[in-house]
2 protein chains.
Amino acid sequence: MARPAASAAPRPGTPSGATSSTAVSSSAATSTALPSFALPALPLPVGSSPVGRQVRVPKTAELVAGQLRRRIIRGELAEGDALPPEPTLMAQFGVSRPTLREAFRVLEAEALISVRRGAHGGARVHTPSPAVAARYAGLVLEHRGATLGDIHQASALLEPPCAARLAERRNPADAAELRRCLAQGDAAGDDVGALAAAQTTFHLTMVQLTGNRSLALVTDMLHHLVDAAGAQQTRSLVLGSDADATRATHARLIDLIEAGDATAAAEHWSRHLAAPGHAMAGGPADTCVLDLLG
Amino acid sequence: MARPAASAAPRPGTPSGATSSTAVSSSAATSTALPSFALPALPLPVGSSPVGRQVRVPKTAELVAGQLRRRIIRGELAEGDALPPEPTLMAQFGVSRPTLREAFRVLEAEALISVRRGAHGGARVHTPSPAVAARYAGLVLEHRGATLGDIHQASALLEPPCAARLAERRNPADAAELRRCLAQGDAAGDDVGALAAAQTTFHLTMVQLTGNRSLALVTDMLHHLVDAAGAQQTRSLVLGSDADATRATHARLIDLIEAGDATAAAEHWSRHLAAPGHAMAGGPADTCVLDLLG
DNA sequence: GCATATTTGTGCGTATGTATT
DNA sequence: TAATACATACGCACAAATATG
């Protein structure tokens with residue numbers, strides 16, 4: 001005997017009686033409050049050309065995590081929303097507690113939820129953050145032995161074209177936004193942390209104004225990585241040159257953008273990023289391999 | 001009673017008697033074969049300026065996953081290596097099976113291990129792949145409503161400077177490597193899948209030859225995303241223009257690199273990526289928001 | 001301080017899949 | 001082809017830690 005009530009969901013993945021692929025999708029609540037989700041037929045990620053593809057039977061927890069993940073990414077579950085308590089979710093998904101907890105750990109590792117215990121605890125939803133994307137990219141880079149200078153070089157190659165694009169379109173709002181970042185740095189005063197953050201924000205904002213979300217994300221990820229790496233090891237290099245010089249350089253970029261001189265803006269920014277104080281190009285960071293995760 | 005043997009590890013995270021931060025680091029094996037890892041004092045990822053930082057007590061499974069993850073990233077565990085069976089790991093880490101399984105699910109979601117059951121099954125180690133990094137970046141982008149065209153624009157802005165750099169340094173080996181990619185595409189023949197793969201490889205190789213691992217990773221991620229998105233929805237757009245034209249364009253880039261004309265190479269590549277056939281700039285993909293994960 | 005709600009970690013049993021014989 | 005042994009997958013129930021009011 002044992003496994004007396006294996007719940008309604010008959011372990012998807014095994015081709016039992018799943019003839020109708022159209023999920024039941026019960027219209028709202030019947031009487032008990034268990035309508036929301038149910039594990040549908042698995043998508044079976046078959047790939048490309050070779051007809052026979054390696055099959056990887058997805059574990060139940062993976063399916064549950066996938067369901068919740070999709071709802072979060074789609075925006076059906078927004079930042080701060082509370083997920084139902086464990087017993088409710090167990091009933092809704094038709095899985096046991098260990099399985100549900102496995103799904104929770106996965107989503108928690110992706111920073112898509114955070115689980116607190118105690119009264120009024122439970123799982124809370126979070127917006128997918130560039131920091132997590134950066135973390136995984138950092139894993140790959142660390143495994144490949146990339147250096148800190150490598151990452152900075154990438155920024156140095158990526159950002160100048162963005163500056164050029166801003167100069168080309170010559171939108172007054174862009175310059176205004178950048179000046180606001182400049183002011184934010186001025187307001188930082190003695191707080192070196194706030195000053196560094198403001199300078200990072202300047203770079204990121206510049207790319208964001210381009211309007212390209214992918215470039216903005218990549219830039220954000222790269223800056224996250226230098227922050228994470230720099231926080232661990234070489235805390236000294238940060239702000240190598242004095243703040244006044246960088247401020248002036250940033251201000252000059254805004255002028256060039258306003259003037260509409262694309263090539264000058266790109267070249268200016270390229271020089272700025274190659275400067276030893278800021279960029280540590282060819283400097284010590286070039287030989288300093290990443291070591292995130294302690 | 002119950003919880004009869006809570007094992008040696010007294011649940012790190014609780015500041016019990018962890019006065020000595022230097023881990024014990026037992027010198028190899030004592031007598032029984034459980035020497036390898038033990039959960040050390042948690043790193044406590046305290047952040048930046050504000051002294052009081054939000055504390056997030058790490059779950060045990062998270063710690064176990066972190067240990068294994070680090071060993072994989074550091075290269076101590078290489079591709080294909082088999083992890084010990086569950087009972088052994090349970091003893092080594094001093095955790096129960098559900099906890100260990102939670103850690104397994106996390107690492108499996110990160111594609112750092114794959115667990116098969118049955119005889120000679122168990123967890124097998126995998127190299128961190130750009131595909132996973134791309135998946136998480138894709139989550140962020142999808143949540144932010146980025147379009148397929150957005151991603152392509154990023155590539156279009158990122159790759160030309162790489163072409164310029166190759167032209168500047170004028171290394172014969174670079175041209176040779178690119179010609180090999182070209183030949184690979186020629187060998188594809190009628191197989192459109194192989195042809196598309198070869199063309200993607202050309203782009204990626206071009207960036208890889210730059211020597212910058214971060215740029216290579218980012219480029220790889222972007223291409224992974226268009227592949228994943230394109231595989232789902234608009235399978236038609238792929239290879240919009242005929243293959244001969246793109247082949248000629250690719251070949252021309254090699255010539256410009258060999259000639260050492262950096263600006264021409266960059267401009268040529270920029271035009272190539274902006275071409276409607278290849279780039280779908282301003283085309284239908286511009287309004288086509290990402291929809292990975294079904 | 002105490003009651004309550006909620007997650008956390010654990011032990012153990014059964015089911016199922018996989019390779020070997 | 002069938003039997004068998006191995007290893008994970010999933011389930012249930014209990015005790016402990018924890019945060020709220």
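To find a chain, count down the sequence lines: A is the first, B the second, and so on, and within it residues start at 1.
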Euclidean distance, atom [atom1] of residue [X] to atom [atom2] of [N] [Å, nearest integer]:
| X | N | atom1 | atom2 | answer |
| --- | --- | --- | --- | --- |
| B:E86 | C:dC12 | CD | P | 16 Å |
| A:R117 | D:dT18 | CZ | P | 5 Å |
| A:R97 | D:dA13 | CZ | P | 10 Å |

Just to confirm, is there a sub-4.0 Å distance from OP1 or OP2 of [N] to any side-chain nitrogen or oxygen of [X]?
| X | N | value |
| --- | --- | --- |
| B:R101 | D:dA9 | yes |
| A:R105 | C:dT8 | yes |
| B:T99 | C:dT10 | yes |
| B:R116 | C:dA19 | yes |
| B:K59 | C:dG9 | no |
| A:T60 | D:dC10 | yes |

Hey, which sits more toward the 5' end of DNA chain D by its nearest nucleotide, B:V115 or A:P98? B:V115
Check whether any side-chain heavy atom of A:L112 sits under 4.5 Å from a side-chain heavy atom of A:R69, and report yes or no. yes
Close side-chain approach of B:E86 and B:R101, heavy atoms under 4.5 Å: yes
